Amino acid sequence: MAVLSRCITAAAKPTAATTFSYLIRAISSSSTFDPETDLNRNKPATLAILNREPKGRNVQWVFLGCPGVGKGTYASRLSNLLGVPHISTGDLVRDELASFGPLSSQLKEIVNQGKLVSDEIIIDLLSKRLEMGEAKGESGFILDGFPRTVRQAEILEGVTDIDLVINLKLREEALLAKCLGRRICSECGGNYNVASIDIKAENGRPGMYMAPLPPPPQCASKLITRPDDTEEVVKQRLRIYQAMTRPVEDFYRSRGKLLEFDLPGGIPESWPKLLRALNLEDHDDKQSAAA
Ligand code: AMP
């Protein structure tokens, strides 16, 4: 697959952490930031940092898809398989909220209404996360929840080369139910789902079944629901996805980076199909399936 071979032969690049740090300075000093011209104009300031860059890097992938589609689930599985960090900007926002830092109350209001946080705040959080990872020797990433606007996509494209964008798609009837059924372990952060989705075949369309994803016994008594997973807020998040994030699909489609992936059902059907689409193999999964 062309996109995959591109990522395997990726040339030396500035790491995303250093370029993002630079970006924070760039966008905070300019309200009309243009990644092309602004990055070039300010290059000398970053040269010393770029000289320290490693000569190769790991995959840099992005997951796109509506709220509830399962970006976190599949990004996390691929992250384990490929040994690259799964970075969810939603998780970064929730961590910031939970820290009761200076941004907490402002973020809480935005997130609980299903709205998008400003590009500046998101890029600041993402940049800090990438820098922390770089300090620990991380390389590459699978982004989940970023970019969510064309401006974010332009900024990302201006600072690093994304190899592949996986656009997860699921029948609309299932999205709301999956968000409402989502449960999170307040202790380990594990994601589970109590929804049992059973869409009957109709008018020539096949049926679809998605089994619940129950928590292990140690998490069962510690489950919480995200405050933005109420019916009203999920509908608002779906509207915002259509208006703000759908155009990001076109952005990557026109650059030949978009892999469209229709989820056929739950994890047992979807994971092997996704691996095939990506030309990957999961030996552990085969072993556990065979056991
Ligand atoms: P998620 O967990 O991806 O559904 O994100 C939860 C919330 O965090 C979103 O509804 C937004 O308020 C905020 N958020 C996460 N990522 C972004 C982003 N890239 N841009 C703006 N807001 C974001």
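For ligands, and for the atoms within them, numbers begin at 1 and follow the listed sequence. Remember, it's a predicted structure, so these values are computed and weren't measured experimentally.
If you number the atoms of ligand 1 from 1 as listed, the ones under 4.0 Å from a heavy atom of Arg237 come out as 4 (O). If you number the atoms of ligand 1 from 1 as listed, the ones under 4.0 Å from a heavy atom of Gln152 come out as 18 (C), 19 (N), 20 (N), 21 (C). Atoms of ligand 1 lying under 4.0 Å from any heavy atom of Lys115, numbered from 1 in the order shown and given with element: 10 (O), 11 (C), 12 (O). Annotation for ligand 1: atoms under 4.0 Å from non-hydrogen atoms of Val111 are 12 (O).
At a heavy-atom distance under 4.0 Å, atoms from both the backbone and the side chain of Val117 approach ligand 1. At a heavy-atom distance under 4.0 Å, only side-chain atoms of Arg226, from C-beta outward, approach ligand 1.
Of the candidates Arg148, Gln236, Gln113, Arg94, it is Arg148 that places a heavy atom closest to atom 9 (C) of ligand 1.
In terms of protein heavy atoms, atom 16 (N) of ligand 1 is closest to Thr89 OG1, 2.8 Å. Closest to atom 23 (C) of ligand 1 among all protein heavy atoms lies Ile122 CD1, 3.6 Å.
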- Query: Checking salt bridge (Lys or Arg N to Asp or Glu O under 4.0 Å) for the pair Glu173/Arg171: CA distance, chi angles, key distance, verdict?
  - Reply: CA-CA 6 Å; Glu173 310 96 288; Arg171 289 167 64 161; 3.3 Å; yes
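Not a single heavy atom of Lys71 sits under 4.0 Å from any atom of ligand 1.
For the pair Lys273 and Phe261, the cation-pi test (distance below 6.0 Å, angle within 45°) is passed. Because its NZ or CZ atom is both nearer than 6.0 Å to the ring centre of Phe251 and within 45° of the ring axis, Arg255 counts as a cation-pi partner of that residue.
Of the inter-residue distances, the one linking Ile122 atom CD1 with Leu116 atom CG reads 8.0 Å to the nearest 0.5 angstrom.
Taking the salt bridge (Lys or Arg N to Asp or Glu O under 4.0 Å) definition, one finds that Lys108 meets it with nothing, sequence neighbours left out. Looking at residues two or more places apart in sequence or on another chain, you find a side-chain hydrogen bond (donor to acceptor under 3.5 Å, both in side chains) between Asp229 and Arg182, Arg237.
On a distance-only criterion, Gly145 and ligand 1 share at least one N/O pair closer than 3.5 Å. Taking any N or O of Asp91, backbone or side chain, none lies under 3.5 Å from an N or O belonging to ligand 1.
Taking a cutoff of 4.0 Å between a charged side-chain nitrogen and a carboxylate oxygen, Glu281 and Arg276 do not qualify as a salt bridge.
Annotation for Leu278 and Trp61: closest pair CD1-CZ3, 4.1 Å, computed over non-hydrogen atoms.
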